[in-house]
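Structure record follows, encoded as structure tokens.
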2 protein chains.
Amino acid sequence: MSTKERKQREFAEREERFLAAAEACIREEGFLNLQMARIARLCDYATGTLYQHFSSKEDLLLALANRGNEAHVELFRQVQRWTAGSTRDRMFAIAVGDFDFAQRNPEHTKLLQYVHTRAVWESASPQRREQALTCTGPVGEIVTGIVREALEAGELEARGLSPMELACGPWSVCEGMQALSQVQGLFEALRIEDPERLRFRQVVNHLNGMGWQPLWDPADQAALEQLVSRIRTEVFTDL
Amino acid sequence: MSTKERKQREFAEREERFLAAAEACIREEGFLNLQMARIARLCDYATGTLYQHFSSKEDLLLALANRGNEAHVELFRQVQRWTAGSTRDRMFAIAVGDFDFAQRNPEHTKLLQYVHTRAVWESASPQRREQALTCTGPVGEIVTGIVREALEAGELEARGLSPMELACGPWSVCEGMQALSQVQGLFEALRIEDPERLRFRQVVNHLNGMGWQPLWDPADQAALEQLVSRIRTEVFTDL
DNA sequence: GGCGAATCGTGAATCAGATTCAAAAATTAA
DNA sequence: TTAATTTTTGAATCTGATTCACGATTCGCC
């Protein structure tokens, strides 16, 4: 059935072109002004054709978020390859990568936040939602891998939590700080001057609270900055 | 100028009526199906009149979120009044209250998440955004109040962070877990069975990591459950 | 009270843009 | 080559937010 396969491939290629066009549109004018018809026109297809790929605009947005996730996962893989760091430093590196990724891809970050909204999430097709969950799989594996290694090395104690549950701690700290910093003006109103430093401090605190060895002195700002810049040069060399 | 005052009062009353009607609509059919015209009609006003109060639908949604914030703040006040608990227990009580509030007001929680989205936030009027920031003020005061008290009592060390920055730690944990649990199906996919227990564990870990005395044994599940239920009966008596 | 000016409320009309679907085109099968 | 099937098309539909010209109301002043 080579013809059927070819069809499938072509279909996938077209979808990719749609997504690339959508991304271009978003770069131009932000994702709030994204128009379905414009995407189709940009690719020389009719609007209706677009709807053979995406059940709705929200569905397309989620697909776009999923697509961008690839680059995100790549960061995590880079951490995975960084065997020079301790398990704790690697977990911390995840947080640094996550932060830098958000900084470098503000539109994608906004989009991600938007599609994770209950309102939007529920308007996407079930298939797309499943795809979204699936494509966070690798992230989960990498992170729990680090946790598992730490458990085996005795650098961390499970205390009744699964590796995934343990990983959720630092994850929610990152996610939470991210969410807060997305609210424009909040940190200013709260008189918080250096959100980046604060975020990393919170992660350090949290890792300490998990008892992840070796514990850090959270007050040692210099050491923290050194670790961050070390991670940025050693792990995320391409950025 | 009593007539001018009366005008203002009537205007405010009308706004309140609009918001109440909007809330009723949302209860009926979720905030995604909220229609401006319907709200106006429910209050026996023309659509245009609604727009004298709210510059756009997003603006109205943010106003609605701000309005609901009142009940949220009330929870925090209850914690403030609970002088029987240690500072640490009080901070923990904030987390419990926050969680329970989200459970009890799912529509409001979804709405809050939605309006905090960069996309929506930026479509609201600057005045409304400011109002939103202002009305989180009391929350900040209560929480930093607890932190300050802990600092004075020597139960917590600042280590170079301001009270607000310290408070951001537990806050972001709550916010992050909240954000993750809003993504329908995520915890199931991650094989996390008891998000509530996990959330409280994360908060305990985090408070430990901040060095907030007295430290807790995070593995002591029974003690944790006891604290949670104690808080629920002693602090949030009305729920 | 009466008058013009200013403000307010109205809701039909406008506008935007997502979504649909009947017809046309292309592809496949016989 | 023709008929059946699938795909594509894009104009038409539909929903619903937003606007604005108009009439009603109130205000300040005489």
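None of these values were measured; they are calculated from a predicted model. So that the names make sense, note that chain A is the first sequence line, chain B the second, and so on, each numbered from 1.
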Ranking D/dA17, C/dG11, D/dT26 by distance to the side chain of B/K7, first place goes to D/dT26

B/Q35 atom CD is separated from D/dA17 atom P, nearest whole Å, by 6 Å

Winner on side-chain proximity to B/Y51, out of D/dC27, D/dT18, C/dT27, is D/dT18

> Can a donor-acceptor pair be found between the side chains of B/Q178 and B/R199 at a distance below 3.5 Å?
Replying inline: yes

For A/R14, answer base if it contacts any base atom (sugar-phosphate contacts may also be present), sugar-phosphate if it contacts only those atoms, and nothing otherwise; contact means non-hydrogen atoms under 4.0 Å.
sugar-phosphate

Please set out all donor-acceptor pairs under 3.5 angstrom arising from side-chain atoms of residues 132-147 of chain B, sequence neighbours excluded.
from   : atom 1 : to     : atom 2 : distance (Å)
B/T134 : OG1    : B/E130 : O      : 2.8
B/T136 : OG1    : B/L133 : O      : 2.7
B/T144 : OG1    : B/G140 : O      : 2.8
B/T144 : OG1    : B/E141 : O      : 3.2

Margin query: For a quick check under 3.5 Å, do A/D98 and A/H72 share a side-chain donor-acceptor pair by atom type?
Written below: yes

Please determine whether the number of non-hydrogen atoms from other residues, nucleotides or ligands lying under 6.0 Å from atom CD of A/E193 exceeds 12. no

>> If the cut-off is 4.0 Å, is A/T49 near the phosphate of D/dT8, judged by side-chain N/O to OP1 or OP2?
In response: no

Residues in residues 17-27 of chain A with a heavy atom under 4.0 Å of DNA chain D, by number, are none

Rounded to whole Å, CD of A/E58 lies from P of C/dT19 at a distance of 6 Å

In whole angstroms, the gap separating P of D/dC20 from CG of B/L50 amounts to 17 Å

Rounded to whole Å, CZ of A/F54 lies from P of C/dT20 at a distance of 15 Å

Between OH of B/Y45 and P of D/dT18 the distance, given in whole Å, is 21 Å

Please determine whether side-chain contact (heavy atoms from CB on, under 4.5 Å) holds for the pair A/F99 and A/C174, giving the CA-CA distance in whole Å, both sets of side-chain angles, and the decisive distance to 0.1 Å.
CA-CA 8 Å; A/F99 176 76; A/C174 287; over 6 Å; no

- Query: Can you tell me if A/D194 uses its side chain to pair, donor with acceptor, with the backbone of A/R197 under 3.5 Å?
  - Reply: yes

Among the nucleotides D/dT18, C/dT10, C/dT19, whichever has the atom closest to the side chain of B/M36 is D/dT18

If the cut-off is 4.0 Å, is A/T47 near the phosphate of D/dG10, judged by side-chain N/O to OP1 or OP2?
no

B/N33 atom CG is separated from D/dC14 atom C1', nearest whole Å, by 15 Å

In whole angstroms, the gap separating P of D/dT25 from CZ of B/F11 amounts to 19 Å

B/K57 NZ to C/dA16 P, in whole Å, measures 18 Å

C/dG9 phosphate, OP1 or OP2, under 4.0 Å from B/Q52 side-chain N/O: yes

(Q) Any base atoms under 4.0 Å from B/I39, or only sugar-phosphate, or nothing? Heavy atoms, all strands. (A) nothing

Closest to the 5' end of DNA chain C, once B/G48 and A/R38 are matched to their nearest nucleotides, is B/G48

_Are more than 12 heavy atoms, taken from residues, nucleotides or ligands other than B/R191, located less than 6.0 Å from that residue's CZ atom?_
no

